[in-house]
Structure formats: C-alpha cells, structure tokens
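See below for the structure under consideration.
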Amino acid sequence: MSAPAADFRVGSANAERGGLVSHVARLWDGAAAMAWAELRKLRHDHLDIVTRSIQPLLWLFIFGSVLRNNRSLSGGFHDYRAYLAPGVMAQGALFIAIFFGLAVIWERDVGQLQRLLATPIPRLAIVLGKSAGACIRALMQSVVLLVVLAIAGIGIHWSVPNVLGALLLLVLGTGGFACLSMILASVVRTRERFMGIGQLVLMPLFFASSALYPLSIMPVWLRWIARANPLTYEVNGMRHLLVGITAGGILWVDCVVGVVFFLTAALIAARMYPRAIL
C-alpha cells in the first residue's frame, strides 16, 4: 500500500472517531441540559414528591399489613410487607413514568415543544433528558419510601451495593416507561384521551407483573404475559437485591432486560417525538 493511501485511511479513521466523539458529546450535553431543566421544575414543586408517595405507602401499610402473614403471596417469606416493598416502589415509579407524556402534550399545546424541536439538540438527547426528569422524581419518591421502611423497621437488605443496585434497576425501568409514555403522547391529540389510554396501559402492566404476588401462583396464561412484561424483571431484580428472593430469576437477566427495554423505548421515542407537533 502506498504512503498516501495509508495516510488517507488513517485520516479517515481519525475523522470518523472525531465525528463519533463530537456526536456523543452533543448527545450528552443536550441530555444534561434537558435533565437540568426538568430538575429545576422539581425544585419548585416539593409537594409533588410527598403527594406521589402517599399511594405506595397506602399499598405498603394497608394492603401489606392486612396480608402480612400470608406466606403464599410472599413466596414463603416471613413478612409480606418486605416482599411488597420493591413492588410498591416500582409501582410508584411506573405511575410517574406512564403519565409523564402529559407534559409533552401540554408543551405542544402551548407551543414550547415546537420551539424545542427547532433547536439543534439531538432528538435522542431530548428524550433522554426528559426521561431523566421522570427518573429523578422516581428516585426522590423511592428515597422517601426507603426512609419510611427504615423507620417502620421493615427488614430489607440495607447494604449500600444492594440499595444502589435496586435504585439503578428502578431508574432503567422508569426511563423505559417514560419513553413509552412519550411514544403514546406523540400519537395522542388530547390530554383527556391520553389519560384514558394511560390507565389502559398502566393497570395491566401493574397487575400482570410480580409486583404484588409471585409468578408461581398465577394461572399459566397470565404467567406468560407477566414474563413479557418489563416491570416483572424490574421488580424481580429489586426484590432479589433488597429482600433476597430470586423466585427462579437471574439478576443479570433482569439487568439486561432493563437496559434493552430502556434503549429500545428511547430510540423509538426519539424517532416518534417530532410527530408530536403534527
């Protein structure tokens, strides 16, 4: 190979690497800017975290206390409240994520979305930044729930790696469902219709998962649906880390499913997002 040809190839490879680095930098900067904007919204609405934490606490201390000694629902675990804790954490985050698309519809109605899409920020960065807003809300809510669990003396594994791992799985699931919500918002015209569709999506996701009960007590047809539900893997992984119950699952599989679900939903949402202004 001649020297000029070799130099050309090296230059092309360097240009490609430089272009990739530049694209990743733009993606990171755009996502960080959008996430910071979402965080600033939350700073002015502290009551939102408190009010959103009430429903998971009701599930935990009313539903969980009534069935506290039910060994079949808890997969043989001694305290159903501890078994239920990862499920209600994931449920609270799911509620935040699924209805996050309402903000997209509102932004379209006031013209803010049109201005946002006119900026040079990559569409994927917008989606990632906005999903980060849902993740931040879910994390804050989960921290409140963990504090309540500690005060109530409900026995979970309090080691730092286990808690951080569970919160990471929660973030992946919340980000994926927030992207799913943005996909719905890109094809739904009104907030009222979105609320109806959101409820239609939310309840099957929640009840056809392992959030409230183990897969082993489900009928076979529902068990197959639950195995195709990303929420099941999110809850299974969190329960594995926080309670020590595997229910036949494998932690790394739960993590892989969470990553694949989040990335797939984010890429589809980035493609669908411009349609929200049509």
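The chain is numbered in sequence order, starting from 1.
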### Query
Is L212 close to Q91 at the side-chain level, that is, under 4.5 Å between some pair of heavy atoms?
no

### Message
Distance check, rounded to the nearest 0.5 Å: T190 atom OG1 versus L102 atom CG?
### Response
10.0 Å

### Query
Among the clusters formed by ILVMFWY side chains lying less than 4.5 Å apart, do M203 and V235 turn up in the same one?
yes

### Message
On a heavy-atom basis, which atom in A138 and which in L170 lie closest, and how many Å separate them?
### Response
O-CD2, 4.0 Å

### Task
Would you check if S131 and M182 make a side-chain contact, meaning some heavy-atom pair closer than 4.5 Å?
yes

Listed pairs under 3.5 Å, donor-acceptor, residues 220-230 side chains, sequence neighbours left out:
unit_1	atom_1	unit_2	atom_2	d
R223	NE	L215	O	3.2
R223	NH2	M218	O	2.8
N229	OD1	L231	N	3.0
N229	ND2	L205	O	2.7
N229	ND2	A208	O	2.9

### Task
Start with the C-alpha distance between L202 and F99, add both sets of side-chain angles, then the distance that settles side-chain contact (heavy atoms from CB on, under 4.5 Å), and finish with yes or no.
CA-CA 9 Å; L202 177 68; F99 293 108; 3.8 Å; yes

### Query
Where do I105 and A185 come nearest, in terms of heavy atoms and distance?
CG1-CB, 4.1 Å

### Query
Is there a side-chain contact (heavy atoms from CB on, under 4.5 Å) between I156 and L146 once you walk through the steps?
CA-CA 10 Å; I156 64 173; L146 287 172; 4.0 Å; yes

### Query
Same hydrophobic cluster for I98 and V187, using side-chain heavy-atom links shorter than 4.5 Å among ILVMFWY?
yes

### Message
For a 4.5 angstrom cut-off between non-hydrogen side-chain atoms, does F61 reach V88?
### Response
no

### Query
Do you know the tightest heavy-atom contact between G92 and P56?
CA-CG, 3.9 Å

### Query
Does F207 share a hydrophobic cluster with L200, counting links as ILVMFWY side-chain heavy atoms below 4.5 Å and allowing steps through other members?
no

### Query
If you look at every heavy atom in A211 and R239, which pair is closest and at what distance?
O-NH2, 3.2 Å

## Note on the structure
To the nearest 0.5 Å, atom CD1 of I96 lies from atom OG1 of T174 at 7.0 Å

### Message
Can you pull out every salt bridge (Lys or Arg N to Asp or Glu O under 4.0 Å) where at least one residue sits in residues 191-208? Sequence neighbours excluded, please.
### Response
D109-R191

### Task
Look up atom OG1 in T232 and atom CG in N236, then write down how far apart they are to the nearest 0.5 Å.
6.5 Å

### Task
Could you grab the distance from atom CG of D254 to atom CE of M238, nearest 0.5 Å is fine?
11.5 Å

### Summary
Applying side chain to side chain contact (heavy atoms under 4.5 Å, CB included) to S181 and not counting sequence neighbours gives F100, F194

### Task
Mind listing the closest non-hydrogen atom pair of V243 and P86 along with its distance?
CG2-CG, 4.0 Å

### Task
For side-chain contact (heavy atoms from CB on, under 4.5 Å), just list the numbers for L60 and L149, CA-CA rounded to whole Å, side-chain angles, deciding distance to a tenth of an Å, and then say yes or no.
CA-CA 9 Å; L60 185 63; L149 288 175; 3.4 Å; yes

### Query
With hydrophobic residues grouped by side-chain heavy-atom distances under 4.5 Å, do V260 and V257 end up in a single group?
yes

### Summary
The reported gap from CE in M89 to CD in E234 (rounded to nearest 0.5 angstrom) is 9.5 Å

#### Entry: Residue list, ring-ring contact (aromatic ring centres under 6.0 Å, His included) with F206, at least two apart or on another chain
W59

### Task
Flag yes if F262 and V259 sit in one hydrophobic cluster, no otherwise; membership is Ile, Leu, Val, Met, Phe, Trp, Tyr, and two members link when side-chain heavy atoms are under 4.5 Å apart.
yes

### Query
What orientation do Y83 and Y80 show, parallel under 30°, tilted 30 to 60°, or perpendicular over 60°?
parallel

### Query
Would you say N162's side chain and L241's backbone share a donor-acceptor pair under 3.5 angstrom?
yes

#### Entry: Chi angles and distances behind the side-chain contact (heavy atoms from CB on, under 4.5 Å) call for Y233, L172
CA-CA 11 Å; Y233 297 90; L172 288 173; over 6 Å; no

### Task
Give every residue pair that meets the ring-ring contact (aromatic ring centres under 6.0 Å, His included) criterion with at least one member in residues 152-184, sequence neighbours excluded.
F177-F261

### side chain to side chain contact (heavy atoms under 4.5 Å, CB included) partners of L124, counting only residues at least two apart
L27, L128, A266, L267, A270

### Task
Verify, without hydrogens or angle tests, whether R137 (side chain) and A93 (backbone) share a donor-acceptor contact under 3.5 angstrom.
no

### Message
Could you measure the distance from the CG atom of L180 to the CG atom of L94? Nearest 0.5 Å is fine.
### Response
9.5 Å

